[in-house]
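Residue numbers start from 1 in every chain, and the chains themselves are labelled A, B, ... in the order their sequence lines are given, proteins ahead of strands. In this text the structure is predicted, and so the values were computed from the model without any measurement.
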2 protein chains.
Amino acid sequence: MARPRGPGERAGLDTDQVLAAARDVLRDSGVSGLSLRAVARRLGVAPNAIYSHVGSRDELLDAVLDDVLAEVRLPFAGEVARDPLGAVRAIMLASYDVLLRHPGLMPSYLDRQGSRGVQAQQLGVVTLEALGRAGLTEPAAREAMRVLIVNTIGFAAFSARPTGSPPGVMSAVELRANFLRGLDWLLDGIAR
Amino acid sequence: MARPRGPGERAGLDTDQVLAAARDVLRDSGVSGLSLRAVARRLGVAPNAIYSHVGSRDELLDAVLDDVLAEVRLPFAGEVARDPLGAVRAIMLASYDVLLRHPGLMPSYLDRQGSRGVQAQQLGVVTLEALGRAGLTEPAAREAMRVLIVNTIGFAAFSARPTGSPPGVMSAVELRANFLRGLDWLLDGIAR
DNA sequence: ACCTGAACACCGTTCAAGT
DNA sequence: ACCTGAACACCGTTCAAGT
């Protein structure tokens, strides 16, 4: 839209703007459409300009992923103290709902063994603390958390219909109930 | 290696050979390297020749996936009758081990809501029957199976290190034990 | 430090044409 | 029916050069 820039002329971008554009592309075109070139196009810059703000496409995916996880509401300290496993349940359910709004992102998430971003780390810290308050040792808590995360991300991936695809045999409500059933089985096993 | 073919000259391919070449490429280059062009290259044909045997790259991925699932050993009818949940456990564990040998394939698997191929269907039929023998109604068995499958594929995806990447913090033995712990939690919940 | 221009080595897919 | 040739519209990434 603006006048084209010559070499040496700056666009005034920063990493946050690149990330925001990436999330826009993700929303409009899904994860398969989330290319560096598409992001650059949306920002009105040359394709390789992105490399000034992010090291590679994988780094961009990681950053977007972590950005999405910021939407997950964390329980207050009081909630954790009162009902630790209930807090864990709330975290997993909130994560499921958030991830479900971003179909296509979870496969690469699992591939990467979970995000190492700050938001993901914070979710992990709170979950581990709650599991500790529920009586688990730290190694046991880590084991339990891994199972819970795999279940949550996996079910979100399974539940997510690619954008613009036919409704599928199961409704979103049924899928969510199915996820909750599995989650409660796991929490029962963890509590035992 | 052979003499180049002109237009109209046949290569004598069939779908099985295309699939076999695809599995070779998958083994050597991982899922990111599994392109139609790479398969064509390995077969010594033009890139678009593949379209005579498979409709698209997604169809090829589906077919390869289902091919891999053929390696999962199914329990005998006797095993299912004697210990239905033990048979389910064996199916899931065998699936985990097989999928783990093909890192990178699971993300697209989850994305597709599981393979609809014949091998996957057969696995589903046997699992559902075993769950029925364990006392579950059909809707309950379907729900339980979904949770079990998500857990298995998800943990395999989580456990799989991309080919040629550093060892990672957890060993394969630890990851397998972690998967089994979650699997048994789920089976306990299902049995209740 | 941040950007453009140009290039390299790739993709999936389609269409026409040959036997 | 099965294949080649050529093309189209894409990719991620690198390198040199400009301010």
Rounded interatomic separation in angstrom, taking CG from A:Leu60 and P from D:dT13 | 10 Å
Protein-nucleotide distance (A:Ile50, atom CD1; D:dT14, atom P), rounded to Å = 15 Å
OP1 or OP2 of C:dC10 sitting under 4.0 Å from any side-chain N/O of A:Arg37?
-> no
Closer than 4.0 Å, any side-chain N/O of A:Arg5 to the OP1 or OP2 of C:dT4?
-> yes
In this structure, CD of A:Glu71 is separated from CZ of A:Arg101 (nearest 0.5 Å) by 5.5 Å
Under-4.0 Å side-chain N/O to phosphate OP1/OP2 contact, A:Arg41 with D:dC11 | yes
Please state whether the phosphate of C:dT13, meaning OP1 or OP2, lies under 4.0 angstrom from any side-chain nitrogen or oxygen of B:Tyr51.
-> yes
Hey, can you tell me if A:Phe179 and A:Tyr96 have their rings parallel, tilted or perpendicular (30° and 60° cut-offs)?
-> parallel
Whole-Å gap separating P (D:dC3) and CG (B:Leu36) = 14 Å
Closest to side chain of B:Ser52, choosing from C:dA1, C:dT13, D:dC3 | D:dC3
Of B:Gly33 and B:Pro7, whose closest DNA chain C nucleotide lies nearer the 5' terminus?
-> B:Gly33
Rounded to whole Å, CG of B:Leu34 lies from C1' of C:dG12 at a distance of 13 Å
Just call it for A:Arg57: base, sugar-phosphate, or nothing, with non-hydrogen atoms closer than 4.0 Å on any strand.
-> sugar-phosphate
Looking only at side-chain atoms of B:Ala38, point me to the closest of C:dC2, C:dC11, C:dG18.
-> C:dC11
Which of D:dG12, D:dA1, C:dC11 is nearest the side chain of A:Ser35? It is D:dG12
Candidates D:dG12, D:dC3, C:dC2 - which lies nearest the side chain of A:His53 = C:dC2
When B:Gly8 and A:Pro47 are each assigned the nearest nucleotide of DNA chain D, the 5'-most assignment goes to B:Gly8
Position toward the 5' end of DNA chain C (nearest nucleotide), B:Ser56 or B:Arg10 | B:Ser56
Once Watson-Crick and G-U wobble pairs under 3.5 Å are found, how is DNA chain C written in dot-bracket notation, 5' to 3', with | for any base paired to another strand?
-> ||.|||||...|||||.||
Atom CG of B:Leu13 to atom C1' of D:dT4: distance rounded to whole Å?
-> 13 Å
Please confirm whether the backbone N or O of A:Arg146 pairs with a side-chain atom of B:Asn178, one donor and one acceptor, at under 3.5 Å?
-> no
